[in-house]
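Worksheet: the structure to be examined is printed underneath.
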Amino acid sequence: MVFSLRFRRGKVVEDPFVPNEIGDEKKLVRYQSHIQSPTLDDRVRLVLLTGLSLYARIVQLGYPAYITEIELEMSKQVNWYMAGKYFIGKFPPLSSLINTCLALFVGYYGNHDFVYAGQHFSNFPLVGMRKVSAIFGALIAPVCYMTIRNFGHSRSAATFAAILLVFENGIITQSRYASPEIHSMFFGVLATWSWSMARKNTSGSAKWTGALLLPIIWCSIAFEMWNQLSDKKNSVYSCIKKVYVYLFTVGAFPFWIYMLIFKIHFDIASNAGDHDLILSSRFRYSLNGNHFEPSIAYGSQVVIKHEGSPGGFLHSHQKRFTGGSTQQEVTLYPYVDLNNIWTIHKATELYNTSQPLEYVRNGDHIRLEHFPSSRKLHSHDERPQLTNKKEHHEVTAYGDRLTSDIQDYWSLVLLDDKHEHSKDMNVTWKALDQQFRLFHIRGCALISHDAYYDSPGGHGHQEVTCMVSAGKHVSTWTIESAYHEKLENTGLRSFPKMKFYEKFKEAHQLMLKYPTVVFDRLGSQTTSTDGTINPKVTFVETPSKWFFKKTSLRIWYELSGFSVHLLLNSAVQQIIWSAMLGYMGIRFLKMFLEKRQINLPGLSWINMAATDLMTNDTISFFYPATLIYIQGLHFIPTHTVNMSDILPSIYYGIALSSVIFESLTSRLSLRYRRMVSYSLISIVIFHTLQFSHLSYGGKQWLRSSCEKSGIEMNCIHFPLSQNELDEMINNSGQTPNVTSLTIYLDIFGKKEPFRYQQGQEAEADRELSLLKHSAYSKASALITGTSRYHRANPTPAITIEEAVEWAKKVHEGAVDREKKLSKERAKKKALKKRRKKNALKKRKRLTDKEAEQSK
């Protein structure tokens, strides 16, 4: 039974879960409670719970005075919104939009760029963003109170759950930092309250984990529909009608809200930005500040972009492969360069300006000539340099304008709107809005994939090969731009702007592949449980482990022993496990006793409690919700999931525990009830205080304390006490460097060793801070804009003069080769002529000799 917080003064309010204060404590019965002003009591409790929760989360929000790893992405997105630059994020943009509004309100205009975790903030409103998170985190407890009350339970049960949430270490810690996890949790909690109160769901998701709320609510709907269909009093028509209402309120409406958030995102971030090289050609040119050029015929000079990866454009340069054929390299390169330009020719003849204008059509056989070098796109039987597999063949730039090689021939296959091979051979080749594939005369398709030539020689370029039976996801290409001298005066081709749903689809495809498409050259590309301490020490992280074991997630740390770790309150965990196991145990026991027809008088309270539990609709909501959130995290993109995403499951577990606790103790006297609840709350508060320094980071923690805590974390980065350090030195026998310790510092995605002396952690912290500041300041001045967010390093672009000179050298080399070949052919011809002449002379001599002999 669900009811809202609506009471009438002076009326008798039935609370079936409150024990009889005036009855016999030994009677296992429920009774009614006469309350004169329950609404006032609820409001007082809500105010007290909100105040206590807010205080636990809002103290010392300015500490640490630098940005943490979990806040870095959010802060960068705020700056992009301020500049109106489009970007691809790890998570949906709701949290960033909220914090951008806050930044605008306090007068921030995006003039403070963050490049690394640990960077100090000056005029950036990070403390204000942390306050927003703290407020959202503080409101979770009172919203839980109202949710449990709406589900029809007592103020005692609601208060018990709210207090556990107030003192849950993990929620306290996560609420103190500007990251999307607490936003997602708050909106999920708010949606649950909305569902319990009005059977509507109007939440938006700040992170993909918020989508797990929908299966929870639909499980509740299915359970409700089953019960109603089982009751003959309810008509089938009314049940079907209610399902349609739910389809709108819990299905279509949340999706519309989600799409509205992205519509706002596209409208605000509408300019060209740092992630442009990641986007498709159509998406890129739909942004303000990007421009496109005319379309295609034989003789057109084109730039060809790979659609299946962020690698960039088909590219060749003066470097040759070190192995295989040792011919001129062909790669993918993302930056503007004349080396990206290719001229289109027919397979059997080269284009010249005297030929009439002829458009390229589907199915044509073509050659692609590299504009600066005049060499042709070529493939043969050699294996590629990186992918040494039999289905891959090397792709090079080969030959010159005087060379004709059948292995330079490619067949053009255009794709239709359904991404299938077009069967219409009259379709002409178009730029930007038409994708295509190139098939070599030997049957393989031109592809590129996630294989990179390492620096310094490779500069992060992406490999290009010709692959047999290649999938479309690696072999699809687009003409980024095209130029033809005979089309120069025809004006720009009109390309339709991308529709909203097309942008929406592509944005989500890129978000799902975020780790492979967004490469921050100033950021860390590898993550581990305990980060930079020792890359060899890793833990297997799973949602079940986060929920059931005593593990932690490091938010930030200093070598001097000050740190913050997201750590669940072990007492709360044990309460949740006990409630879940107790519920299932009592339920199975009741089923077993009924099956065996056993009636034990001493266990009558178990029978009554089991009846209450099995008929409790609230448990049927919170129990699946807890499990769905644990298991559902396995289906969320792994790059967006961390230990903080288990907190919604803790929330539902706490709500479930309070309801089960109420059902099991409903027939106890009020005094015993309070004794049990106060004891549990005291234990929870004790555990909160015991590890509060890991939530606030304001107290130094030593290595011995870390090792004794039983928490699964690397304790090596916590300092030794002075007594332990002296004892280590005495026991070592004056061994050199006995107190030295090496950690691994993450700079630009690489692990760099850093050595320091134990006992001098504060000095090491200052040295580390200066080292990171110096390294990132120099690098950020050089790596800016689009070059920062791509794996390949930008190299000096070739100039038109250098391209002309290169083509001239290639042509001169071809002419010299032809001259040498011509001389060799002339010599061979002269030699053959002499040999023939000599043979004729010899034959004549033989003939004359035979004639003389015959006489």
- Mind running side-chain contact (heavy atoms from CB on, under 4.5 Å) on Ile711 and Cys706 for me, showing each step along the way? CA-CA 7 Å; Ile711 304 172; Cys706 174; over 6 Å; no
- Message: Could you check, using the six-membered ring where one of them is a Trp, whether Phe547 and Tyr629 have ring centers closer than 6.0 angstrom?
- Response: no
- Query: Quick one: does Thr50's side chain have a donor or acceptor within less than 3.5 Å of a partner on Leu46's backbone?
  - Reply: yes
- Task: Go through Val78 and Leu102 one step at a time and tell me if the side-chain contact (heavy atoms from CB on, under 4.5 Å) criterion holds.
- Result: CA-CA 10 Å; Val78 169; Leu102 170 68; over 6 Å; no
- Task: Would you name the heavy atoms of Ile683 and Ala571 that are closest together and state the gap between them?
- Result: CG2-CB, 3.8 Å
- Report yes or no: does Ser692 contribute a side-chain atom to a donor-acceptor pair with the main-chain N or O of Leu689 at less than 3.5 Å? yes
- Note on the structure: Residue set satisfying side chain to side chain donor-acceptor pair (under 3.5 Å) with Lys772, at least two apart, ordered chain then number -> none
- Okay, side chain of Asn99, backbone of Ala178: is any donor-acceptor separation there less than 3.5 Å? no
- Please name the pair of heavy atoms, one in Ile650 and one in Ile576, separated by the smallest distance, quoted to 0.1 Å. O-CD1, 3.8 Å
- Message: Quick check for you: to the nearest 0.5 Å, what is the distance between Leu52 atom CG and Arg57 atom CZ?
- Response: 8.5 Å
- Task: Output yes when Glu71 and Arg130 qualify as a salt bridge under the 4.0 Å nitrogen-oxygen rule, no when they do not.
- Result: yes
- May I ask you to test the Tyr672-Thr665 pair for a side-chain heavy-atom distance under 4.5 Å? no
- Query: Hey, does Met511 have a side-chain heavy atom less than 4.5 Å from the side chain of Pro92?
  - Reply: yes
- Query: Does the Glu761 side chain pair with the main chain of Gly759, one donor and one acceptor, at a distance under 3.5 Å?
  - Reply: yes
Tabulate below the donor-acceptor pairs under 3.5 Å that side-chain atoms of residues 134-141 make, not counting sequence neighbours, or state none.
none

- Query: Below 4.5 Å, heavy atoms only, C-beta onward: do Thr551 and Met713 meet side chain to side chain?
  - Reply: no
- Task: Please list all pairs passing the side chain to side chain donor-acceptor pair (under 3.5 Å) test where one or both residues lie in residues 568-578, with sequence neighbours left out.
- Result: Asn169-Asn569, Asn569-Thr688, Ser570-His687
- Note on the structure: When rounded to the nearest 0.5 Å, the distance separating CZ of Phe718 from OG of Ser705 is 9.5 Å
- Task: Taking all non-hydrogen atoms of both residues into account, name the closest pair between Trp546 and Leu568 and its distance.
- Result: O-CD1, 3.1 Å
- Task: Name all residues meeting the side chain to side chain donor-acceptor pair (under 3.5 Å) criterion together with Ser677; count only those two or more places apart in sequence or in a different chain, and write none if there are none.
- Result: none
- Message: Taking the ring of Phe562 and the ring of Tyr557, is the distance between their centroids below 6.0 Å?
- Response: no
- Message: Any side-chain to backbone donor/acceptor pair from Ser658 onto Ala158? Under 3.5 Å, distance only.
- Response: no
- Message: Would you say the rings of Trp556 and Tyr63 are close, in the sense that their centroids are separated by under 6.0 Å?
- Response: yes
- Message: Please evaluate residues Tyr623 and Tyr652 with respect to the criterion ring pair (Phe, Tyr, Trp, His ring centres under 6.0 Å), reporting the C-alpha separation (whole Å), side-chain torsions for both, the decisive distance (0.1 Å), and the verdict.
- Response: CA-CA 8 Å; Tyr623 207 111; Tyr652 288 115; over 10 Å; no
- NE2-OG1 distance between His634 and Thr542, expressed to the nearest 0.5 angstrom: 5.5 Å
- Task: Assess the side chains of Glu662 and Ser156: does a donor N or O sit below 3.5 Å from an acceptor N or O?
- Result: no
- Query: Does a sphere of radius 6.0 Å around CE in Met675 hold more than 12 heavy atoms from other residues, nucleotides or ligands, not counting ones at 6.0 Å or beyond?
  - Reply: no
- Query: Atom CZ in Phe91, atom CD1 in Ile636: separation rounded to 0.5 Å?
  - Reply: 14.5 Å
- Message: Quick check for you: to the nearest 0.5 Å, what is the distance between Gln119 atom CD and Ile67 atom CD1?
- Response: 7.5 Å
- List the steps and the verdict of side-chain contact (heavy atoms from CB on, under 4.5 Å) for Tyr696 and Val564. CA-CA 6 Å; Tyr696 298 95; Val564 165; 6.0 Å; no
- Could you tell me which non-hydrogen atom of Pro64 sits nearest to which non-hydrogen atom of Thr68, and how far apart they are? CG-CG2, 4.2 Å
- Message: For a side chain to side chain donor-acceptor pair (under 3.5 Å) check, start with the C-alpha distance between Glu724 and Ser721, then their side-chain angles and the critical distance, and finish with the verdict.
- Response: CA-CA 5 Å; Glu724 291 172 329; Ser721 66; 3.2 Å; yes
- Message: Tell me if a side-chain donor or acceptor on Glu168 pairs with a main-chain N or O of Gly170 at a distance below 3.5 Å.
- Response: yes
- Query: Are the side chain of Asp765 and the backbone of Leu559 linked by a donor-acceptor contact shorter than 3.5 Å?
  - Reply: yes
- Would a distance-only check, ignoring hydrogens and angles, find a side-chain to backbone donor-acceptor pair under 3.5 Å from Arg176 to Val59? yes
- Check the side chains of Ser96 and Gln77 for a donor-acceptor pair under 3.5 angstrom, ignoring hydrogens and angles. yes
- Message: Are Gln758 and Pro719 packed together at the side-chain level, in the sense that at least one heavy-atom pair is separated by less than 4.5 angstrom?
- Response: no
- Intermediate values then yes/no, side chain to side chain donor-acceptor pair (under 3.5 Å), Gln174 and Ser179: CA-CA 8 Å; Gln174 191 61 52; Ser179 64; 2.7 Å; yes
- Query: How far apart are the closest heavy atoms of Ser644 and Leu553, and which atoms are they?
  - Reply: N-CD2, 4.4 Å
- Item | Pair Phe160 + Phe661: ring centers closer than 6.0 Å | yes
- Item | Any side-chain heavy-atom pair of Arg45 and Arg155 under 4.5 Å | yes
- Item | Arg703: partners by salt bridge (charged side-chain N to carboxylate O under 4.0 Å, His left out), with sequence neighbours left out | none
- Donor on one side chain, acceptor on other, His565 and Thr173, under 3.5 Å: no
- Does a side-chain heavy-atom distance below 4.5 Å link Val132 with Ile98? yes
- Item | Donor-acceptor side-chain pairing of Ser184 and Glu181 below 3.5 angstrom | no
- Query: Can you tell me how far CG of Leu126 sits from CE of Met74, rounded to the nearest 0.5 angstrom?
  - Reply: 10.0 Å
- Item | Asp42 side chain reached by Tyr145 side chain, heavy atoms, under 4.5 Å | yes
- Query: Counting distance only, does the side-chain N/O of Asn714 pair as donor-acceptor with the main-chain N or O of Ile716 below 3.5 Å?
  - Reply: no
- Close side-chain approach of Thr192 to Phe621, heavy-atom, < 4.5 Å: yes
- Message: Can you tell me if Lys549 has over 12 outside heavy atoms packed within less than 6.0 Å of its NZ?
- Response: no
- Message: Tell me the closest heavy-atom pair linking Ala56 and Ile172, and the distance in Å.
- Response: O-CG2, 3.6 Å
- With sequence neighbours excluded, give me every salt bridge (charged side-chain N to carboxylate O under 4.0 Å, His left out) pair touching residues 560-586. none
- Take Phe691 and Ser709 through the test side-chain contact (heavy atoms from CB on, under 4.5 Å) and record every step on the way to the result. CA-CA 9 Å; Phe691 296 102; Ser709 67; 3.9 Å; yes
